[in-house]
Visitor: 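There's a structure below that I have some questions on.
Throughout, residue positions are numbered sequentially from 1 according to the sequence presented. Order of appearance sets the numbers: ligands from 1, and atoms from 1 within every ligand. None of these values were measured; they are calculated from a predicted model.
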Amino acid sequence: MWNAELISSKFESIYNQNPTTVIKSPGRINLIGEHTDYNDGFVLPAAIDKAIYFALREREDRLCRFYSVDLDDYHEINLDDYAKSPKQWANYLIGVINEIQEEGHQIPTGFELAFGGDIPLGAGLSSSAAVETGMGYGLSQLFGLSVDRLTLAKVAQRAERKFAGLNCGIMDMYASLFGKRDAVIKLDCRALTHQYFDLPTKNHSIVLCNTGVKHNLSETAYNKRREECEEGVAIIQTQFPAVVSLRDISLSQLTSIESLFPPVVYRRCHFVVAEIERVGRACSALTGGRFKEFGDFMYETHEGLRDDYEVSCPELDFLVEQAKLNQDVLGSRMMGGGFGGCTINLIKNDGIEDFIASATKAYEAAFNIELKSYTVVLNNGVEEVSLVPGE
Ligand code: ADP
Ligand code: MG
């Protein structure tokens with residue numbers, strides 16, 4: 001189990017000194033609202049109890065030393081003269097150092113850093129965002145920079161875009177920074193404001209099932225979907241000139257002009273517009289404590305992603321079908337960009353063990369892959385943790 005003491009002792013064994021600051025930076029899930037972020041829509045993420053821990057200490061010179069415990073790898077840069085690294089993991093850190101300075105914050109001296117945690121890499125739980133937000137918040141705390149959380153989210157997003165080369169949205173970083181215990185975050189991706197909705201886990205929990213696959217289609221398909229959405233907006237603008245993105249049109253308006261679209265582009269737009277509306281309805285279900293209805297929305301999202309947006313894959317579809325066979329599962333869908341990663345499932349607490357056991361058996365029989373499942377707790381966003389046990 002990762003905690004402040006463990007990362008501190010790793011830090012000490014590498015640098016022969018105590019760290020002065022320890023940060024816990026969570027991964028995230030997304031309940032509903034897939035592929036809506038880059039269409040200016042709404043998403044419904046939450047930070048989770050899987051996290052990366054950062055231990056830091058100032059230096060007197062300009063050297064920044066990074067040690068990745070999980071990869072057992074080391075990198076260093078000088079604050080006065082640095083560049084992208086051939087080591088991808090280091091670029092997330094260097095990117096944040098660069099972008100926080102671009103915001104006008106001075107990093108006065110170098111520092112030592114050790115980091116590691118239990119967010120599975122590349123499973124769609126945004127380990128990369130956790131690395132970035134943990135680094136950003138760590139710098140802010142270590143040097144007393146008082147950078148606000150929204151600025152940190154933007155800094156982290158730019159770091160990932162410019163230094164890791166991924167044209168990502170802001171949801172992952174935002175969720176890692178703004179998470180709240182037992183709550184989901186309804187994020188308006190245009191206004192960059194949010195509202196919390198309670199999702200207590202007294203009776204139901206969130207279980208993630210990791211397909212263990214990542215089909216290489218994902219990056220090309222992602223870019224293609226973005227283009228198709230833009231193509232759709234251009235068609236819509238011929239009838240509704242005020243529309244800037246798919247966020248601005250209702251489902252009934254879209255349906256009324258279906259004949260103008262190439263069928264594929266229409267299906268893409270239909271999914272996105274329906275999904276943006278679904279986030280709102282899902283939040284109303286949470287407010288009313290209607291978890292069954294919320295679960296049905298998750299299934300609807302999966303169908304849309306599978307049939308209209310076409311970003312699912314046989315492994316994800318199989319796991320969602322397994323969920324449907326089980327009475328204790330309220331809802332299930334693929335989570336993230338698609339073509340692999342995890343399914344997210346809302347399950348009655350009493351049924352979790354049985355579901356995991358039967359899904360694991362069936363998945364192994366069908367795909368010969370061991371299914372890894374994680375029951376997660378919705379948790380607070382990035383925070384500094386005390387070094388003294390019990391404090
Ligand atoms: P994810 O869905 O988990 O964000 P990404 O491919 O975006 O997947 O990010 C994974 C990358 O982030 C890793 O390849 C590594 O470079 C970096 N990373 C994530 N977690 C860690 C960690 N604990 N230690 C070192 N690097 C990490
Ligand atoms: Mg990532």
Visitor: When only distance counts, is Phe115 in polar contact with ligand 1, meaning an N/O pair under 3.5 Å?
Guide: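 No.
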
Visitor: For ligand 1, is there an N or O atom under 3.5 Å from any N or O atom of Asp70?
Guide: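 N/O-N/O distance below 3.5 Å exists for this pair.
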
Visitor: Is there an N/O/S atom in Ser128 at a distance below 2.8 Å from the Mg ion (ligand 2)?
Guide: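 Of the N, O and S atoms in Ser128, at least one lies under 2.8 Å from the Mg ion (ligand 2), which means yes.
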
Visitor: Does NZ or CZ of Lys186 come closer than 6.0 Å to the centre of the six-membered ring of Phe197, within 45° of the ring's axis?
Guide: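 No, cation not above the ring by the 6.0 Å, 45° rule.
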
Visitor: Is Asp172 touching ligand 1 with its side chain, its backbone, both, or neither, if touching means heavy atoms under 4.0 Å apart?
Guide: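 None of Asp172 does.
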
Visitor: Checking a contact table here: which protein heavy atom is nearest atom 26 (N) of ligand 1, and how many Å away?
Guide: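 Heavy-atom neighbour on the protein nearest atom 26 (N) of ligand 1: Trp89 CB, 3.6 Å.
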
Visitor: Hey, what do you get for CG (Leu113) to OH (Tyr67), rounding to the nearest 0.5 Å?
Guide: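 So the gap between those two atoms works out to 12.0 Å.
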
Visitor: Measure from NZ or CZ of Arg149 to the centre of the six-membered ring of Tyr137, then state whether that distance is under 6.0 Å and the direction lies within 45° of the axis.
Guide: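 Positive - Arg149 is close enough to the ring of Tyr137 and near enough to its axis.
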
Visitor: Tell me: protein heavy atom nearest atom 19 (C) of ligand 1, and distance?
Guide: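 Going atom by atom, the protein heavy atom closest to atom 19 (C) of ligand 1 ends up being Ser127 OG, 3.1 Å.
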
Visitor: Indicate the ring-plane relationship of Phe66 and Trp89, choosing parallel, tilted or perpendicular according to the 30° and 60° boundaries.
Guide: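 It falls in the perpendicular class, over 60°.
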
Visitor: Determine the minimum heavy-atom distance between Asp70 and Gly117, stating which atoms define it.
Guide: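 In this case the closest contact between Asp70 and Gly117 is OD2-N, 2.9 Å.
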
Visitor: Below the 3.5 angstrom mark, is there an N/O of Gly124, backbone or side chain, next to an N/O of ligand 1?
Guide: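 Yes, at least one N or O pair falls under 3.5 Å.
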
Visitor: Would Ser128 count as a polar contact of ligand 1, with the cut-off being nitrogen or oxygen pairs under 3.5 Å?
Guide: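 Yes; at least one N/O pair falls below 3.5 Å.
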
Visitor: Hey, can you tell me if Tyr309 and His35 have their rings parallel, tilted or perpendicular (30° and 60° cut-offs)?
Guide: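 If you compare the ring of Tyr309 with that of His35, the planes turn out tilted.
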
